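Computed from a predicted structure; not experimentally measured. Only this structure's heavy atoms are used, side chains among them; waters, hydrogens and symmetry mates stay out.
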2 protein chains.
Amino acid sequence: MTITEIAELAGVSKKTVSRYFNHAELLSAETRAKVEAVIADTGFVPNAQARALALQRNFLAALIHDNSDRGVFELVEAGMTEALEGSELALVLQPLPPGDAAARLRSFLDRLRPAGVVLLPPLSEREDLADICAQAQIRCVRLGRVRGENGLACDDRSAMATLVTWLVRIGHSRIGLVGGPESSLTAQQRELGYLDAMADHGLDRGPSLIVSGDNTFESGISAGRLLLEVSPRPTAIVACNDEMANGVLHAAAQAGVSVPGELSVVGFDDTALAARTLPPLTSMHVPWTAIAREAVARIMSGTPQTQTAGGFETDLIIRDSVAPAVTT
Amino acid sequence: MTITEIAELAGVSKKTVSRYFNHAELLSAETRAKVEAVIADTGFVPNAQARALALQRNFLAALIHDNSDRGVFELVEAGMTEALEGSELALVLQPLPPGDAAARLRSFLDRLRPAGVVLLPPLSEREDLADICAQAQIRCVRLGRVRGENGLACDDRSAMATLVTWLVRIGHSRIGLVGGPESSLTAQQRELGYLDAMADHGLDRGPSLIVSGDNTFESGISAGRLLLEVSPRPTAIVACNDEMANGVLHAAAQAGVSVPGELSVVGFDDTALAARTLPPLTSMHVPWTAIAREAVARIMSGTPQTQTAGGFETDLIIRDSVAPAVTT
DNA sequence: TTGTATGCGTTATCAG
DNA sequence: CTGATAACGCATACAA
């Protein structure tokens, strides 16, 4: 079943049928109705491979990641899937190895020619990758990157400040931070937010209270151990993602420190993990799913390069890993 | 840069260059060398869209799932990615809604025409979906399904029996089971394995010790609550997947039952979650990643329908959620 | 507003 | 073993 047969059945030319799919608005209502009837009748679906060849572009949306934050990946994947639902685009996954991410991305784009690409942090922060997309003329959306052409993110800095301020309000003053990788802008923003809030309340934000991890569970454990040995011991620790916060939970358990009794722990992102830890993790919700939906919308709409529109709202999700500090 | 230019540079015809990529063995060593030189020189890569159109098949491997077991999904995705690395195939994701999975799969295959498809349980158990793949002439591998043409799985039944036998050996005799969905063959096999082992040791396997969940965390919590009220209380609970086992951990925490002191908990699959729960979960490792690699190998090799080859070995991973039972 | 001719880059047929 | 020519199914000038 090809466009040609449809054209014959409808008594029009191939091109008219082609137009029906691509520029329906250019057809007279009458012609459109004729074509539409035949298509509905036959259940015809144009061949995607042929379209891809002619358009030099595949009906794919790619999610490019580096496997470094599984929780965020999951949320973004869910959002993209949702937004892609019912569209003609399918979702392709492409992890990029730490070594030659650029080369791999280039060859991926060369081969697949997806309609668009979503870059997850921390890859989204790399200009070289964005440039490669631009060169290949492929729309790209950079998640977790506020400034710049194709960024899409929430305000990590003020979200973190809000979180820390809340901890202060409920009585905490010794608050440790498990930071993300130094190279990550997102992590930097979150750390700045912490510093903002600590400064605002005139609290100690000395280097001993800040330990950097690399967003993994294991680094969360190490960081947790370190922070638990600081004296006087922090009454609260906030981690830059849930995975590391869970690591802190484990470190506390190993050290025999009860959570939230003796220590409050807070995560960030509100990934699926947050509700599943023991105790369930209080975490700052980042609307990754909504962000991903918007990213897909941008890819599909063809809007070449929009600036960040409204900004996405974060939301503190309170679970059981935090308790008011006992004022001593 | 097209096949035509390469042909000119090498002083041969288009078709010869095409043959170099598809049936290199049909070329004379001399001709092959000429073509190879030019290709190496120019770094030419044939256009995938054009090939897709001519071959009626895209360079994609699809992972079809229903979002019901995120842990297994992750492992399989990792295995596929690994196996796909360096090949010309890319990984596409396609969730199928519970409602009209069949129709959605059909239209997906129609549009994408992937080289092959991997069906995750419980979708892999549905004959109608396998039939749709067969109709569309698309290779399909059904994960977690031992018998039949395209199945690829380990022996869930004996793995579970091994697990339960181990619990008995270290002193447990009241052992509860959190089963998977009744409709799932995999879950049935695991439940049978439990029954096998309990019968072998002449232990009570009455219905009060068996509660069915649906593989979700939440159902694990409910099942855990139920089992903790059985009298006499089980000293161990094994769940048919890690997600539910984590639910049991939460139920125990809420009931003030200490793990592993008063209750041992065991998971199944050994997903990423198992190492992250508190306490870390003893779990039966199912080599999903290796299974996924083999699935991709089948898709690429074109072997139409192999039977299960060697069988994949499971392996008990001992962590902290189990302790020997205090003999009373 | 609609149709004609041509191109997209590759593979397959069938002849030499 | 190799090469001319016709598909593959759709989209885009350009003309009508």
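- Residues satisfying the side-chain contact (heavy atoms from CB on, under 4.5 Å) test with A:A136, not counting sequence neighbours, are A:L109, A:I138.
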Would you be so kind as to tabulate the donor-acceptor pairs closer than 3.5 Å made by side chains of residues 39-53 of chain B, with sequence neighbours excluded?
residue, atom, partner, partner atom, Å
B:T42, OG1, B:V38, O, 2.9
B:T42, OG1, B:I39, O, 3.4
B:T42, OG1, B:F44, N, 3.3
B:N47, OD1, B:Q49, N, 2.7
B:N47, OD1, B:A50, N, 2.8
B:Q49, NE2, A:R111, O, 3.4
B:Q49, NE2, A:L112, O, 3.2
B:R51, NH1, B:E88, OE1, 3.3
B:R51, NH2, B:N22, OD1, 2.8

Might you list the N or O atoms of the protein lying below 3.5 Å from N or O atoms in nucleotides 3-7 of chain D, with each pair's distance?
residue, atom, partner, partner atom, Å
D:dG3, OP2, B:S13, N, 3.2
D:dG3, OP2, B:S13, OG, 3.3
D:dG3, OP2, B:T16, OG1, 2.5
D:dG3, N7, B:R19, NH2, 2.9
D:dG3, O6, B:R19, NH2, 3.1

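- Here salt bridge (charged side-chain N to carboxylate O under 4.0 Å, His left out) pairs that include residues 55-65 of chain A, with residues two or more places apart or in two chains, number zero.
- The ring pair (Phe, Tyr, Trp, His ring centres under 6.0 Å) pairs that include a residue from residues 69-123 of chain A are A:H65-A:F73, where partners are two or more places apart or lie in different chains.
- Judged by closest nucleotide on DNA chain D, B:E30 is the one of A:N47 and B:E30 placed further toward the 5' end.
- Residue pairs meeting the salt bridge (charged side-chain N to carboxylate O under 4.0 Å, His left out) criterion with at least one member in residues 59-71 of chain A, sequence neighbours excluded: A:R70-B:E74, A:R70-B:E77.
- Of all nucleotides listed (D:dC10, D:dG9, C:dT11), D:dC10 comes nearest to the side chain of A:F44.
- The salt bridge (charged side-chain N to carboxylate O under 4.0 Å, His left out) analysis of residues 121-133 of chain B, with sequence neighbours excluded, yields the pairs B:R126-B:D128, B:E127-B:R142, B:E127-B:R145.
- Between A:T289 and A:L75 the shortest heavy-atom distance is OG1-O, 3.3 Å.
- Annotation: proximity of residues 104-116 of chain A to DNA chain D (heavy atom, distance under 4.0 Å) is found for no residue.
- Every residue two or more places apart in sequence or in another chain was checked for a salt bridge (charged side-chain N to carboxylate O under 4.0 Å, His left out) with A:R113, and none qualifies.
- Counting only heavy atoms from C-beta on, A:S18 has its side chain closest to D:dA11 among D:dA11, C:dA12, C:dG9.
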